[in-house]
Asker: 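Quick one: this structure, given as structure tokens, is what I'll be asking you about.
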Amino acid sequence: MKILIAEDEELTLKTLELRLKKDGHDVILARDGREALSKIREHIPDLVISDIMMPYVSGLEIIAEIKENHPDHKISIIILSGMGQEDIVLEAFQLGADDYITKPFSPNELTVRVRRFDLMKAR
């Protein structure tokens, strides 16, 4: 599965990259929202894991862009954010996020959630 990670915290980005590559995924990195949108258009990932608060373009804007401009590609979206307020979580789901994980997160839990999307793609 091709996964794009949009994350501006370098340690979190590298942790996710190592974990997902270890699990056999093709990983694409984006360090801000603008770079994420560019790479989504270029690579059409199966799954996007995005923070909410990033430079230039937010994770919420990324969700909206994916849903508006890539409806035929069925790109799944997991939000991974330190923002756990109910209104932000609800907005992410209303825009089309498929899952929401609050930081700090468990790498094992993330792996299980990613596998769930991998299994859905295989069907």
Side-chain angles (χ1 to χ4, degrees):
M1 183 164 61
K2 191 183 322 179
I3 301 173
L4 181 129
I5 305 167
E7 173 63 61
D8 62 329
E9 292 178 15
E10 194 65 29
L11 181 60
T12 303
L13 186 70
K14 288 298 181 185
T15 300
L16 291 168
E17 177 186 26
L18 291 172
R19 184 61 179 241
L20 294 169
K21 281 186 173 181
K22 180 181 170 223
D23 290 342
H25 301 292
D26 180 17
V27 178
I28 303 154
L29 303 179
R31 288 172 173 79
D32 63 58
R34 189 169 45 209
E35 183 181 10
L37 291 178
S38 174
K39 289 188 175 186
I40 289 166
R41 286 184 209 107
E42 181 182 344
H43 299 283
I44 311 289
D46 301 301
L47 174 65
V48 171
I49 299 173
S50 179
D51 192 3
I52 293 275
M53 296 296 294
M54 288 185 296
Y56 309 115
V57 177
S58 76
L60 296 175
E61 291 171 299
I62 289 171
I63 297 168
E65 171 81 15
I66 289 170
K67 296 304 177 180
E68 183 177 325
N69 294 314
H70 302 281
D72 298 336
H73 290 104
K74 307 286 189 252
I75 300 171
S76 299
I77 305 164
I78 297 175
I79 294 295
L80 179 64
S81 178
M83 299 182 69
Q85 299 92 328
E86 183 179 13
D87 59 327
I88 300 291
V89 174
L90 292 175
E91 184 176 0
F93 281 119
Q94 288 168 347
L95 287 169
D98 298 291
D99 204 349
Y100 198 108
I101 302 171
T102 305
K103 295 177 187 174
F105 66 98
S106 159
N108 291 329
E109 178 184 353
L110 179 73
T111 297
V112 169
R113 290 177 187 239
V114 168
R115 278 191 198 131
R116 187 177 59 141
F117 288 105
D118 206 8
L119 290 172
M120 288 190 311
K121 294 276 183 204
R123 291 182 190 164

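Residue numbers count from 1 along this sequence.
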Asker: Closest heavy-atom contact between Tyr100 and Ser81?
Answerer: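 Heavy-atom minimum between the residues: OH-CB, 3.7 Å.
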Asker: State, with a plain yes or no, whether a side-chain heavy atom of Ile52 is found less than 4.5 Å away from one of Ile88.
Answerer: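 They are in side-chain contact.
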Asker: Working to the nearest 0.5 angstrom, can you tell me the gap between Lys14 NZ and Leu29 CG?
Answerer: 6.0 Å
Asker: Which ILVMFWY residues can you reach from Leu18 by hopping between side chains whose heavy atoms are under 4.5 Å apart?
Answerer: none
Asker: Measuring only between side-chain heavy atoms, which start at C-beta, is Ile49 closer than 4.5 Å to Leu20?
Answerer: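 Yes, close enough: below the 4.5 Å cut-off.
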Asker: With the side chain counted from C-beta on, respond yes when Ile77 and Leu47 share a heavy-atom pair under 4.5 Å apart, and no when they do not.
Answerer: no
Asker: Looking at every heavy atom in both Gly96 and Ile63, which two are closest together, and how far apart are they?
Answerer: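 Where Gly96 meets Ile63 most closely, the heavy atoms are N-CG2, 3.8 Å.
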Asker: Not counting sequence neighbours, which residues clear side chain to side chain contact (heavy atoms under 4.5 Å, CB included) with His70? List them please.
Answerer: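 For His70 the side chain to side chain contact (heavy atoms under 4.5 Å, CB included) partners, ignoring immediate neighbours, are Ile40, Arg41, Ile44, His73, Ile75.
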Asker: Going by the rule side-chain hydrogen bond (donor to acceptor under 3.5 Å, both in side chains), which residues pair with Ser76 if we only count those two or more places apart in sequence or in a different chain?
Answerer: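 Partners of Ser76 under the side-chain hydrogen bond (donor to acceptor under 3.5 Å, both in side chains) test: none.
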Asker: Hey, are the side chains of Arg31 and Glu10 touching, using non-hydrogen atoms and a 4.5 Å cut-off?
Answerer: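 Heavy-atom side-chain distance check passes, below 4.5 Å.
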Asker: Under the side-chain contact (heavy atoms from CB on, under 4.5 Å) criterion, do Asp98 and Ile78 qualify, and how do the steps go?
Answerer: CA-CA 6 Å; Asp98 298 291; Ile78 297 175; 5.8 Å; no
Asker: Got a second to check how far Glu65's CD is from Leu37's CG, nearest 0.5 Å?
Answerer: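 Reported value, rounded in 0.5 Å steps: 5.0 Å.
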Asker: Show every ring-ring contact (aromatic ring centres under 6.0 Å, His included) that has at least one partner inside residues 38-63, sequence neighbours left out.
Answerer: none
Asker: With rounding to the nearest 0.5 Å, note down the distance linking CG in Asp8 to CD in Glu35.
Answerer: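 Separation between the atoms: 11.0 Å.
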Asker: For Arg116, is there an ion pair with Asp99 - N to carboxylate O distance below 4.0 angstrom?
Answerer: yes
Asker: Rounded to the nearest 0.5 Å, what's the gap from CG on Leu80 to CD on Glu9? Could you check?
Answerer: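 That separation rounds to 9.0 Å.
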Asker: Where do Glu42 and Lys39 land on the salt bridge (Lys or Arg N to Asp or Glu O under 4.0 Å) test, with the steps shown first?
Answerer: CA-CA 5 Å; Glu42 181 182 344; Lys39 289 188 175 186; over 6 Å; no
Asker: In terms of side-chain heavy atoms, does Ser106 have a donor or acceptor partner in Glu109 at a distance below 3.5 Å?
Answerer: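 There is no such pair (donor and acceptor under 3.5 Å, judged by atom type) between the side chains of Ser106 and Glu109.
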Asker: With heavy-atom distances below 4.5 Å as the criterion, would you say the side chains of Ile62 and Val57 are in contact?
Answerer: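 With C-beta onward as the side chain, the pair touches.
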Asker: For Asp26, is there an ion pair with Lys21 - N to carboxylate O distance below 4.0 angstrom?
Answerer: no
Asker: State, with a plain yes or no, whether a side-chain heavy atom of Ile3 is found less than 4.5 Å away from one of Asp46.
Answerer: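 Side chain of Ile3 against side chain of Asp46, heavy atoms only: no contact under 4.5 Å found.
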Asker: Looking at every non-hydrogen atom in both residues, tell me the closest pair between Gly59 and Ser50 and how far apart they are.
Answerer: CA-OG, 3.6 Å
Asker: Would you compute the distance between atom CD1 of Ile66 and atom CD of Glu68 and round it to the nearest 0.5 angstrom?
Answerer: 12.0 Å
Asker: Can you sort out the partners of Thr111 under side chain to side chain contact (heavy atoms under 4.5 Å, CB included), two or more places apart, ordered by chain and number?
Answerer: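 In terms of side chain to side chain contact (heavy atoms under 4.5 Å, CB included), with neighbours along the sequence ignored, Thr111 is linked to Arg19, Asp23, Arg115.
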Asker: Before accepting this row, confirm whether a basic side-chain N of the pair Glu61/Arg34 lies closer than 4.0 Å to the acidic partner's carboxylate O.
Answerer: no
Asker: Of the non-hydrogen atoms in Leu95 and Lys67, which two are nearest, and what is the gap between them?
Answerer: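 Of all heavy-atom pairs spanning Leu95 and Lys67, the closest is O-CG, 3.4 Å.
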Asker: Restricting to non-hydrogen atoms, name the atom on Gly84 and the atom on Val89 that form the minimum distance, rounded to 0.1 Å.
Answerer: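 That closest heavy-atom pairing would be O-CG2, 3.9 Å.
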Asker: Measuring from atom CG of Asp32 to atom OG of Ser58, what distance do you get when rounded to the nearest 0.5 angstrom?
Answerer: 12.0 Å
Asker: Check which hydrophobic residues are tied to Leu90 through side-chain heavy-atom contacts below 4.5 Å, counting indirect links as well, and list them.
Answerer: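 Direct or chained contacts put Leu90 with none.
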